[in-house]
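Chain identifiers are assigned alphabetically (A, B, ...) following the order of the sequence lines, protein sequences preceding nucleic acid strands; residue numbering begins at 1 within each chain.
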Amino acid sequence: MRAPDLSTTIAGIRMKNPLTVGSGTYGHHGVFGQFYPVETMGALVTKTIRSHRWPGNPPPRVHEVPSGLHSSVGIPCNDWDYFVAHDVPILKGLKVPIIQSVIGRTEDEYVEIVRRCSELGIFAGIELNLSCPNTKQGGVDFGYDPEASFHLVKRARDATKLPLIAKLAPDYSLLSRVAKSVEAAGADAISLVNAPRAMCIDYRTRKPIIGNRVGALSGTAIKPMAVYMVWEVYRAVRVPIFGMGGVTDYRDVIEFMAAGARAVAFGTINYVDPMALPRALEDLTTYLQENGIEDVNELVGAAHDDRDELLIPAENRLESEVPV
Amino acid sequence: MRAPDLSTTIAGIRMKNPLTVGSGTYGHHGVFGQFYPVETMGALVTKTIRSHRWPGNPPPRVHEVPSGLHSSVGIPCNDWDYFVAHDVPILKGLKVPIIQSVIGRTEDEYVEIVRRCSELGIFAGIELNLSCPNTKQGGVDFGYDPEASFHLVKRARDATKLPLIAKLAPDYSLLSRVAKSVEAAGADAISLVNAPRAMCIDYRTRKPIIGNRVGALSGTAIKPMAVYMVWEVYRAVRVPIFGMGGVTDYRDVIEFMAAGARAVAFGTINYVDPMALPRALEDLTTYLQENGIEDVNELVGAAHDDRDELLIPAENRLESEVPV
Amino acid sequence: MEQVFASVVFNRHLTGDYWLLEAEAPALAASLLPGQFVNVRIEGSAAPYLRRPFSVYRVSRDRRRLQIAYKVMGEGTGLMTSSIRENGRCDLIGPLGHGFSLPANAKRIAVVGRGIGIAALPTLADEAASRGIEVHAFLSARTRPNLVALDIFAEYAFPVVTHTDEARANALVTDALAALAQKVRFDAFYVCGSNRLARAVHALAQKQNVPAEIAMEQHMACGFGDCHGCVIAVNLRPSRGEKAFKEVCHYGPVFQTWEVVDASA
Amino acid sequence: MEQVFASVVFNRHLTGDYWLLEAEAPALAASLLPGQFVNVRIEGSAAPYLRRPFSVYRVSRDRRRLQIAYKVMGEGTGLMTSSIRENGRCDLIGPLGHGFSLPANAKRIAVVGRGIGIAALPTLADEAASRGIEVHAFLSARTRPNLVALDIFAEYAFPVVTHTDEARANALVTDALAALAQKVRFDAFYVCGSNRLARAVHALAQKQNVPAEIAMEQHMACGFGDCHGCVIAVNLRPSRGEKAFKEVCHYGPVFQTWEVVDASA
Ligand SMILES: Cc1cc2nc3c(=O)[nH]c(=O)nc-3n(C[C@H](O)[C@H](O)[C@H](O)COP(=O)(O)OP(=O)(O)OC[C@H]3O[C@@H](n4cnc5c(N)ncnc54)[C@H](O)[C@@H]3O)c2cc1C
Ligand SMILES: Cc1cc2nc3c(=O)[nH]c(=O)nc-3n(C[C@H](O)[C@H](O)[C@H](O)COP(=O)(O)OP(=O)(O)OC[C@H]3O[C@@H](n4cnc5c(N)ncnc54)[C@H](O)[C@@H]3O)c2cc1C
Ligand SMILES: Cc1cc2nc3c(=O)[nH]c(=O)nc-3n(C[C@H](O)[C@H](O)[C@H](O)COP(=O)(O)O)c2cc1C
Ligand SMILES: Cc1cc2nc3c(=O)[nH]c(=O)nc-3n(C[C@H](O)[C@H](O)[C@H](O)COP(=O)(O)O)c2cc1C
Ligand code: FES
Ligand code: FES
């Protein structure tokens with residue numbers, strides 16, 4: 001039997017297989033490939049960077065919960081000159097498409113970091129981490145506000161010719177509307193989910209455990225919600241989706257792809273089982289072979305009986321609903 | 001040492017302790033107290049009823065996930081006459097405040113079932129399950145729409161003099177706004193969280209596992225998110241909160257109370273460990289004693305260093321923001 | 001129905017893919033009726049999350065102990081083999097559900113089981129034997145070692161017809177029953193563990209106008225009627241037509257075959 | 001640094017609350033430096049979710065095997081006692097972090113440990129012994145059986161001062177060190193397992209102007225620098241002032257005492 005074709009193109013980025021990593025979950029202080037060659041994956045998504053130095057959140061930053069990780073790292077970051085001097089030369093040497101994740105506290109900061117990253121000429125795409133409170137607009141995350149995310153993505157769109165991926169956090173009420181907003185603003189793909197906000201309180205002290213009080217929840221525990229959200233967004237937009245949230249093995253990869261993801265990211269599992277991605281790649285290949293699937297892209301959206309008979313109502317899909 | 005005072009009053013309902021059950025997770029076809037006297041708990045929240053007969057969702061309805069339950073039961077319901085003939089006499093016999101949970105597919109259905117339940121004169125309160133798609137308004141759940149939930153609660157408010165509790169599902173972007181809406185509309189308390197939407201896909205068939213395709217996620221897995229949401233809503237509104245989501249033991253009760261819940265509900269755990277609630281009650285009593293806490297209400301909000309130095313920004317708390 | 005922390009007498013390999021768990025649980029064993037089940041919690045481990053339902057395989061003569069014969073399928077049953085230990089305890093809820101009914105003046109019945117379905121039949125055989133009813137067993141499995149309970153039917157010298165896929169992949173064990181039923185009269189049929197066998201038994205029962213019961217399975221959350229999770233579609237009348245969802249743990253696991261055969265079609 | 005599925009030589013109770021795990025892992029053992037650690041995955045169970053970090057307690061002479069001395073604290077270490085079995089395998093990542101450094105011409109050092117902190121010291125003692133450096137050990141624990149590693153220091157006939165809370169609740173084992181340090185010269189101090197002892201050692205080291213190192217602990221997700229989860233606040237200069245967050249798994253676990261003492265205050 002012919003070897004299945006694992007390659008895919010997402011947001012114009014050609015990947016030799018649909019597997020990648022969640023921003024911030026792979027890569028050691030600029031060192032990649034500690035456990036296997038980084039070229040094993042279809043694309044590398046790097047840790048989110050900012051336009052300025054940032055120490056990150058106070059410890060403790062991580063706390064184990066059943067089937068998951070509760071954490072609040074706060075996206076620590078060196079300054080731009082350090083990044084250029086230290087990280088860029090390393091990234092240049094990698095033979096894998098690199099998607100650089102970026103964040104800002106304001107629209108201007110987002111645009112600035114997008115522009116700088118673009119100019120480096122080494123990235124295959126840029127991922128906008130929209131999980132930052134928009135302090136000018138009442139502190140709701142950009143990614144939780146259809147209008148703010150529209151404007152932000154639109155300005156980032158104007159600042160770069162690179163494929164632009166908007167990364168959304170889990171949400172229920174506005175998820176599809178935000179997805180449509182970023183699509184309308186020119187995002188080439190949507191990445192979801194970022195880790196949802198969460199809190200653990202120590203019953204002895206009755207105070208939050210994590211230094212930042214509010215943290216995130218990631219890992220296996222969030223998978224059923226993440227799969228649902230990919231499924232919902234797949235029905236709401238036409239741009240491709242990077243799916244993630246609790247992926248641990250090839251079965252999860254298939255689950256996310258069937259829900260509608262064209263590429264799938266390994267996140268928290270990289271901390272626990274660093275060989276999870278290469279193993280999943282092997283197992284996925286075997287699965288495709290055993291099931292007579294010649295092209296991995298056939299898996300995309302397979303859980304939808306009929307993509308056009310959409311469960312979320314038609315009104316929500318009207319272009320006019322997108323804030324402009 | 002004096003025995004600690006476990007009693008609390010929430011939404012005007014006097015409970016001899018702050019423990020209750022999540023709607024739909026306790027009570028067997030109108031039979032209560034299979035494992036322990038229902039009077040053990042501070043209040044009984046019954047399974048959501050509708051104003052009409054409803055078969056519920058097709059099987060399979062339940063599926064185990066790591067640290068949680070994925071389910072879609074669909075709130076099956078007998079008709080009103082059956083409820084009056086069969087359930088009401090049983091409920092009348094219970095010596096515990098009963099909060100009847102209700103749902104409708106339209107505002108009118110909600111109002112109708114609230115009115116009928118009120119007239120029975122046997123309930124201590126009514127919980128509005130807002131997790132129903134508002135088909136007239138694009139299919140978004142009432143509870144995910146600040147305006148729709150405001151109008152709905154307002155009409156329910158006019159239809160009953162009983163304490164009214166609005167039950168919200170997990171959300172990020174609009175949660176506080178919805179909480180403020182229902183408070184402004186006259187809800188006496190907020191119950192959260194209902195189980196968030198989720199999906200599991202069988203990697204072999206690549207189709208959703210649950211008959212309804214979309215289901216809910218409940219149990220331990222959602223606890224860190226639920227605690228966060230209680231914490232956030234506690235900072236956004238002044239009405240008391242019934243906290244729930246993955247509670248398994250007294251430590252979780254303390255966690256939810258410290259986050260801001262005045263009463264705490266046991267949900268999915270009732271299926272697995274039906275004696276969890278009475279055991280938690282005992283352990284909570286010991287904890288209070290060992291920590292020299294004389295009144296259980298002292299736990300409420302203990303995780304907040306300063307309730308008035310609110311993390312969610314002031315703009316979000318303006319009454320003018322509430323849709324009217 | 002109650003929750004019991006039963007003390008484990010033994011938990012060991014039985015035959016084929018099966019393990020046999022015996023526990024001291026007088027409160028459950030005393031009142032257990034044939035075909036009822038228990039819901040087992042795997043303690044000391046955060047996973048699995050839910051209980052696991054199992055038919056009671058056997059009750060000791062003094063009605064103090066009960067047995068479960070379980071097939072190692074996935075995570076839960078896998079952990080049961082290692083975590084439930086002799087002299088340890090086992091968290092059980094039971095007896096659950098509605099079991100088999102034996103017609104008042106029955107003389108002879110046929111029980112048909114396949115795979116793990118067979119595990120529901122010994123309690124019925126014991127009850128039948130105690131009432132002097134003759135039981136004919138028709139048992140089917142993938143492989144010979146997976147034919148559990150042969151020893152139990154042998155105890156009573158009840159005739160047993162067996163079938164394995166290794167031997168005759170496409171035949172049905174009910175073929176032998178159909179043939180026999182032309183010669184001797186059965187007062188009731190019981191089937192468990194296979195849709196194909198259920199349809200065959202139901203057809204035969206209809207033709208002969210005798211009652212036929214089937215023990216059903218469905219994924220469960222609670223096992224005691226509180227979650228509404230374990231429904232199957234059932235016919236409300238033998239003539240079909242109107243249908244409803246019914247909880248297997250509460251209205252079943254035993255149903256009339258006409259209630260369930262073709263109900264979800 | 002690599003992931004290894006080490007074959008388990010034994011895993012048994014050591015003393016007090018401690019267990020001792022020995023595994024065949026030449027790839028890790030060969031390159032391991034004193035004070036480095038490994039991150040253990042508890043296999044075959046969905047919980048716990050994360051790995052558990054442990055100092056390497058000892059490396060065999062042939063540098064093929066390594067040992068971990070672990071205290072049974074919670075779910076993870078509890079499961080380690082039952083799920084890691086002789087001849088089974090153990091999923092390890094290591095060697096991790098930066099370990100202790102011995103000054104070039106050191107003749108005599110003092111190691112101070114309390115509780116599980118003691119488990120980080122034997123690899124240092126072994127290295128010192130091999131370089132002919134004399135080690136004085138000052139070990140403290142809640143109870144006498146929890147004083148692990150006494151046998152190891154005895155092997156080399158290194159002098160050991162012990163302290164238990166049972167015996168003298170409020171005294172510090174460093175009191176003895178401070179007294180001795182007035183008479184003999186130590187070329188370096190090492191401390192692990194207690195903030196109070198760390199402060200005392202640091203003060204002494206400053207007074208005597210000798211280097212002092214401390215092995216730190218922090219809750220970890222990955223253990224190999226990828227998650228930025230295990231930071232502590234550190235002083236960037238001995239004179240204090242500017243501070244930064246540094247990852248214990250990457251920049252530590254061993255730090256200079258001036259880096260960490262009072263840094264988070
Ligand atoms: C009333 C009843 C009686 C049963 N009696 C027996 C018996 O006597 N002997 C025996 O070996 N098995 C019996 N089963 C089936 C048994 O419950 C499953 O094999 C077992 O739950 C599998 O658990 P697992 O974790 O090993 O498998 P997994 O496949 O990992 O389980 C995943 C989930 O699916 C559920 N599940 C899997 N298979 C079944 C099934 N067939 N029925 C219901 N839920 C299932 C599990 O409970 C769990 O929630 C019975 C089931 C029911 C409903
Ligand atoms: C670099 C390093 C070396 C260590 N060396 C040893 C050693 O040699 N012997 C030994 O007995 N212990 C050692 N520890 C502590 C050991 O990691 C914890 O005791 C263990 O993780 C507890 O796990 P648990 O599941 O039993 O406890 P739980 O309290 O249930 O663990 C819950 C969570 O907290 C974390 N945690 C709990 N205590 C600690 C701690 N002290 N440090 C870091 N994380 C913790 C766990 O890893 C887990 O994520 C070391 C820790 C670090 C960071
Ligand atoms: C410790 C940690 C750090 C993370 N850092 C980032 C980050 O810098 N940027 C980002 O977009 N997502 C970040 N994430 C989110 C992950 O990329 C991913 O979206 C999320 O964890 C869900 O996937 P998972 O459950 O597989 O981990 C981080 C997650 C964790 C746990
Ligand atoms: C099977 C099942 C049925 C439920 N039925 C209802 C219901 O009828 N009405 C309602 O408001 N919530 C219902 N819930 C939600 C619970 O009351 C609770 O809000 C949720 O499950 C979170 O708590 P838990 O994680 O402790 O279960 C149901 C949950 C489950 C798992
Ligand atoms: S399993 Fe809960 S109702 Fe049957
Ligand atoms: S534990 Fe992940 S960086 Fe240290």
Enquirer: Which of the residues A:S71, A:G68, A:G211 is involved in the greatest number of heavy-atom pairs with chain D at under 4.5 angstrom?
Expert: A:G68

Enquirer: Can you confirm whether the side chains of D:S101 and D:E213 place a donor and an acceptor under 3.5 Å from each other?
Expert: yes

Enquirer: Under 4.5 Å, heavy atom to heavy atom: which of residues 72-94 of chain A reach chain D? Give them by number, or say none.
Expert: A:V73, A:P76

Enquirer: Using a strict 4.0 Å threshold on nitrogen-to-oxygen distance, state whether A:K95 and A:E39 make a salt bridge.
Expert: no

Enquirer: Checking D:L50 against chain A: side chain, backbone, both or neither under 4.5 Å from a heavy atom?
Expert: both

Enquirer: What option among D:H228, D:M220, D:R51 has the most heavy-atom pairs under 4.5 Å with chain A?
Expert: D:H228

Enquirer: If you count heavy-atom pairs within less than 4.5 Å of chain D, which of A:E64, A:K47, A:H63 leads?
Expert: A:E64

Enquirer: Answer yes or no: is there an ion pair linking A:E255 with A:K223, defined by an N-O contact shorter than 4.0 Å?
Expert: yes

Enquirer: Can A:S218 and A:T268 be counted as having a side-chain donor-acceptor contact under 3.5 angstrom?
Expert: yes

Enquirer: Can you tell me if A:T46 and A:S101 form a side-chain donor-acceptor pair at under 3.5 Å?
Expert: no

Enquirer: Is chain A contacted by the side chain of D:F224, its backbone, both, or neither, given a heavy-atom distance below 4.5 Å?
Expert: both

Enquirer: D:Q218 versus chain A, heavy atoms under 4.5 Å apart: side chain, backbone, both or neither?
Expert: side chain

Enquirer: Going by heavy atoms in the side chains, are D:H13 and D:Y18 under 4.5 Å from each other?
Expert: no

Enquirer: Would A:R61 and D:F245 count as a cation-pi pair here, with the cationic atom under 6.0 angstrom from the ring centre and within 45° of the axis?
Expert: yes

Enquirer: Regarding D:N11 and D:Y70, is there a side-chain donor-to-acceptor distance under 3.5 Å anywhere?
Expert: yes

Enquirer: Are A:D202 and A:K207 ion-paired here, with the side-chain N under 4.0 Å from a carboxylate O?
Expert: no

Enquirer: Before accepting this row, confirm whether a basic side-chain N of the pair A:E109/A:R50 lies closer than 4.0 Å to the acidic partner's carboxylate O.
Expert: no

Enquirer: Answer with yes or no whether the side chains of D:R114 and D:S194 bring together a donor and an acceptor at under 3.5 Å.
Expert: no

Enquirer: Just so I understand: if I count every heavy-atom pair under 4.5 Å between each of A:G27, A:P55, A:P66 and chain D, which residue has the most?
Expert: A:G27

Enquirer: If you tally heavy-atom pairs under 4.5 Å against chain A, which of D:C230, D:G76, D:C222 wins?
Expert: D:C222

Enquirer: Out of D:V231, D:D226, D:I232, which one racks up the most heavy-atom pairs below 4.5 Å with chain A?
Expert: D:D226

Enquirer: Among D:E75, D:E247, D:E2, which has the most heavy-atom pairs under 4.5 Å with chain A?
Expert: D:E247

